[in-house]
Protein chains: 2
Amino acid sequence: MSDLTAGRLSVYLRCLTTLEADGVKTISSGTLAERFHLNAAQIRKDLAYFGEFGVRGVGYYVADLKTHLRAILGLDQPVRVGIIGAGNLGRALADYPGFRKEGFVIVALFDTDPECVGRQSRKGVHILHTDEFKRMAKAGKINIAVVAVPGDAVAGVVDLVVKSGIRAVLNFSPGTIQVPPGVKLKNVDLTVSLESLSFFLARGGDD
Amino acid sequence: MSDLTAGRLSVYLRCLTTLEADGVKTISSGTLAERFHLNAAQIRKDLAYFGEFGVRGVGYYVADLKTHLRAILGLDQPVRVGIIGAGNLGRALADYPGFRKEGFVIVALFDTDPECVGRQSRKGVHILHTDEFKRMAKAGKINIAVVAVPGDAVAGVVDLVVKSGIRAVLNFSPGTIQVPPGVKLKNVDLTVSLESLSFFLARGGDD
DNA sequence: TTTTGTGAACTAGTTCACAGCT
DNA sequence: AGCTGTGAACTAGTTCACAAAA
């Protein structure tokens, strides 16, 4: 199963949440695709890979499919997130409402700056010293590490994260880092995102 | 030219900046690939599309290629960015050092909350009322719009942005929005990113 | 009749491998 | 000898189109 599929499952889950709030009980791939600008065949193929969730002639039961998707995405049990880097971005992520909404638990922020260690974010996420990270991860208190440190610190931090036994990392820091097999790294590179758009404008912007 | 290629060009540019700082004058695709965990053939193909920048038997001149890439990415002239949504995330993005480093100019933050309009971010980016956005965009003061508003506001904001003549949008808000042809929309969905990682862990995490 | 699930066809993207230039 | 630029081969991802099920 590809990375792109995983992302789409997450999108489908959000669509279903919207539909449920609207009181929709059952939805066909065609209607779902139309309403959320997706592709019906792709929805069916993505879902069919994990089981036969649909009913021919009817479609999918919203509540039922939602439960299945949450389980497939591992959201049927709490997912604990530790954020390394308590700068502006790290703290914004710690307080991001979208994470809590889907059941993620932000365990703590981690930083090395004595100025902010011991303090907490606006919404009350505690800032611990990065030295604490390994102990907490080893104790099974962190499932996913989010890295939001300056570029020159990222290599060391990712090394620490991997050595702590973490197997999923969401990285916001720049750089072409590598992780050992068995560890999943997802990069969100803000500069690259913005430069891609600049490229589009520079090209004439007609595609 | 695909979106993925544009992203890689941005990555190459950053690699070259690092190399230049290290005093490297010339680099082959093979060495570049090895050092930054990239693919040599892909680097050559990506670059060759825009011109014959390399010298056979030698490689690429770092400073020269960097200039070319900056021009291709439209970074040879200032790119002006307006950020709509002055919440935690919007303000963190406004102050993000990586943007300034590559020559982006953060024109202003925009929000509708009277509580924060008139104030400014830590680094001094002014927060204007969203009503001002259209005027500034029409006056050519904004090239790229960054959207970081709550999910229920995103449709209206993107509509405003498009009506203001903006042709490149970086969206951090959730939802499957659509823009007319000729407008480039890039989504950074934080919840989807995190859920993809959760999916990987739930699957057993061995790929 | 409606809609799923899925093989087959298609499209996009990556990597190989080597001719040709320096 | 070394390295680029590029056609050809390959791999991955998407969409089509339809048989089978409710």
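Chain letters run A, B, ... following the sequence lines, proteins first and then strands; every chain starts at 1. Because only heavy atoms are used, hydrogens play no part in the values below, and waters and symmetry mates are left out as well, while side chains stay in.
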Let me know the distance between [atom1] of [X] and [atom2] of [N], rounded to the nearest Å.
| X | N | atom1 | atom2 | value |
| --- | --- | --- | --- | --- |
| B:F53 | D:dG5 | CZ | P | 9 Å |
| B:L65 | D:dC3 | CG | P | 16 Å |
| B:L47 | D:dC3 | CG | P | 16 Å |
| B:D46 | D:dT6 | CG | P | 13 Å |
| A:N39 | D:dA17 | CG | C1' | 13 Å |
| A:R44 | D:dA20 | CZ | C1' | 13 Å |

**Message:** Once you apply a heavy-atom cut-off of 4.0 Å, does A:A48 come out as touching a base, just sugar-phosphate, or nothing?
**Reply:**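 Counting heavy atoms under 4.0 Å across all strands, the contact made by A:A48 is with sugar-phosphate only.
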**Prompt:** With sugar-phosphate meaning primed atoms plus P, OP1 and OP2, does A:T5 contact a base, only sugar-phosphate, or nothing at under 4.0 Å between heavy atoms?
**Reply:**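 Result for A:T5 = nothing.
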**Request:** Could you say whether A:R56 or A:D3 is positioned toward the 5' end of DNA chain D, judged by the nucleotide with the nearest heavy atom to each?
**Result:**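 Looking at the nearest nucleotide for each, A:D3 comes out on the 5' side.
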**Asked** Does the ring center of A:F133 lie less than 6.0 Å from the ring center of A:F110?
**Response**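 Close enough - the centres of the two rings lie under 6.0 Å apart.
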Check the side chains of [Y] and [X] for a donor-acceptor pair under 3.5 angstrom, ignoring hydrogens and angles.
| X | Y | result |
| --- | --- | --- |
| B:T31 | B:S28 | yes |
| A:R91 | B:N88 | no |
| B:S2 | B:T5 | yes |

**Message:** Whether the side chain of B:N143 engages the backbone of B:V79 through a donor-acceptor N/O pair (distance < 3.5 Å, no angle test) should be reported.
**Reply:**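 Here the side-chain-to-backbone pair does not exist.
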**side-chain hydrogen bond (donor to acceptor under 3.5 Å, both in side chains) partners for B:K163, two or more places apart** =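 Result, side-chain hydrogen bond (donor to acceptor under 3.5 Å, both in side chains) vs B:K163: B:D159.
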**Asked** What bend angle does the helix from C:dT1-D:dA22 to C:dT22-D:dA1 show across its length, from five-pair end axes and to the nearest 10 degrees?
**Response**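 It comes to 0° between the two terminal axes.
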**Item:** Bounds of contact between DNA chain C and chain B, in 5' to 3' order, using a heavy-atom cut-off under 4.0 Å
**Value:**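 Both ends considered, the range comes out as C:dG13 to C:dT22.
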**Message:** Between the side chains of A:E102 and A:R70, is the shortest nitrogen-to-carboxylate-oxygen separation below 4.0 Å, so that they form an ion pair?
**Reply:**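 Between A:E102 and A:R70 there is a salt bridge, with a charged N closer than 4.0 Å to a carboxylate O.
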**Asked** Are B:D22 and B:R35 within salt-bridge range, i.e. N to O under 4.0 Å?
**Response**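 Result for this pair is yes, salt bridge flagged.
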**Message:** In the structure I gave you, are the side-chain heavy atoms of B:N171 and B:V188 within less than 4.5 Å of one another anywhere?
**Reply:**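 A side-chain contact under 4.5 Å is absent here.
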**Contact nearer the 5' end of DNA chain C, comparing A:Y49 with A:G57** =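 This one resolves to A:G57.
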